[in-house]
Amino acid sequence: MRIGELARRTGTTERALRYYEEQDLLRPARRPSGYREYVETDVRTVRNIRTLLAAGLNTVTIGEVLPCMVTDGEALVPACPELSTVLLQDRERLTEAIDDLQAARRVLDAIIAGAGSPAARRVDACQPA
DNA sequence: ATTCTTACA
DNA sequence: TGTAAGGA
């Protein structure tokens, strides 16, 4: 099948599919015309890629993890033992990212609170971008 | 009508 | 990632 049909059947865009190929997540053959030719199993692969992307994994990690995942109906199941390590490591990365965002919010909250102080009323140059 | 590559007010 | 341009 060509890129248009795969995009339709996976709910993605052609742009995304070309990007996945660029990241070596997909390796469609080429027709003499230069058109990409995808196989049936690519439908499932693309769905798995999207799931992993939604889990916050980057394309490099997905490339390592993808071949070790088996699809059980709707769910993705780890098929290799070494996989849990990689996944747990990524979970920690997400936890750190969450911590950083919460810290940023606390800083912003402090600034917002300052808007109610008397000092804020002394300012004449109030032209917010 | 579809797809391809390249590039970015 | 969207999208426009210029070809095949």
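Chain letters run A, B, ... following the sequence lines, proteins first, then strands; residues in each count from 1. Values below: every heavy atom of this structure, side chains too, minus hydrogens, waters and symmetry copies.
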query = Looking only at side chains, do A/Thr45 and A/Asn48 share a donor and an acceptor under 3.5 Å apart?
reply =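 The criterion, which ignores hydrogens and geometry beyond distance, is not satisfied for A/Asn48 and A/Thr45.
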Calculate, to the nearest 0.5 Å, the distance between atoms [atom1] and [atom2] belonging to [X] and [Y] respectively.
X       : Y       : atom1 : atom2 : value
A/Glu37 : A/Leu6  : CD    : CG    : 10.5 Å
A/Leu76 : A/Ile49 : CG    : CD1   : 10.5 Å
A/Met69 : A/Thr51 : CE    : OG1   : 8.5 Å

Dot-bracket for DNA chain C, 5' to 3', Watson-Crick and G-U pairs with both distances under 3.5 Å, [ ] for crossing pairs, | for partner on another strand, reads .|||||.|
Nucleotide by nucleotide, nucleotides 4-9 of chain B touches protein heavy atoms under 4.0 Å in the pattern (B base, S sugar-phosphate only, - none) SB----
> Of all heavy-atom pairs between A/Pro78 and A/Leu87, which one has the smallest distance, and what is that distance?
Replying inline: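 Closest approach of A/Pro78 to A/Leu87: CG-CD2, 4.4 Å.
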Solution key, residues 94-104 of chain A side-chain donor-acceptor pairs under 3.5 Å, sequence neighbours excluded:
residue	atom	partner	partner atom	Å
A/Thr95	OG1	A/Arg91	O	3.0

Begin from the C-alpha positions of A/Asp90 and A/Arg93 and carry the test salt bridge (charged side-chain N to carboxylate O under 4.0 Å, His left out) through to its verdict.
CA-CA 5 Å; A/Asp90 244 77; A/Arg93 185 175 62 71; 2.7 Å; yes
Report task. With sequence neighbours left out, write down each residue that passes salt bridge (charged side-chain N to carboxylate O under 4.0 Å, His left out) with A/Glu21, or none if nothing qualifies. Result ->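 A/Glu21 satisfies salt bridge (charged side-chain N to carboxylate O under 4.0 Å, His left out) with A/Arg30, A/Arg36 once adjacent residues are dropped.
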Scan for salt bridge (Lys or Arg N to Asp or Glu O under 4.0 Å) pairs involving residues 38-57 of chain A, sequence neighbours excluded, and state none if there are none.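 As it turns out, the salt bridge (Lys or Arg N to Asp or Glu O under 4.0 Å) pairs with a partner in residues 38-57 of chain A, which skip direct neighbours, are A/Arg9-A/Glu40.
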- Contact interval (first through last nucleotide) of DNA chain C with protein chain A, 4.0 Å heavy-atom: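 For DNA chain C, the relevant span reads C/dT1 to C/dA8.
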Do the side chain of A/Glu14 and the main chain of A/Ala7 share a donor and acceptor less than 3.5 angstrom apart?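 No; zero donor-acceptor contacts below 3.5 Å.
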Say you pick atom P in B/dT2 and the same atom in C/dG6; how far apart are they, in whole Å?
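Pairwise P distance, B/dT2 against C/dG6, rounds to 22 Å.
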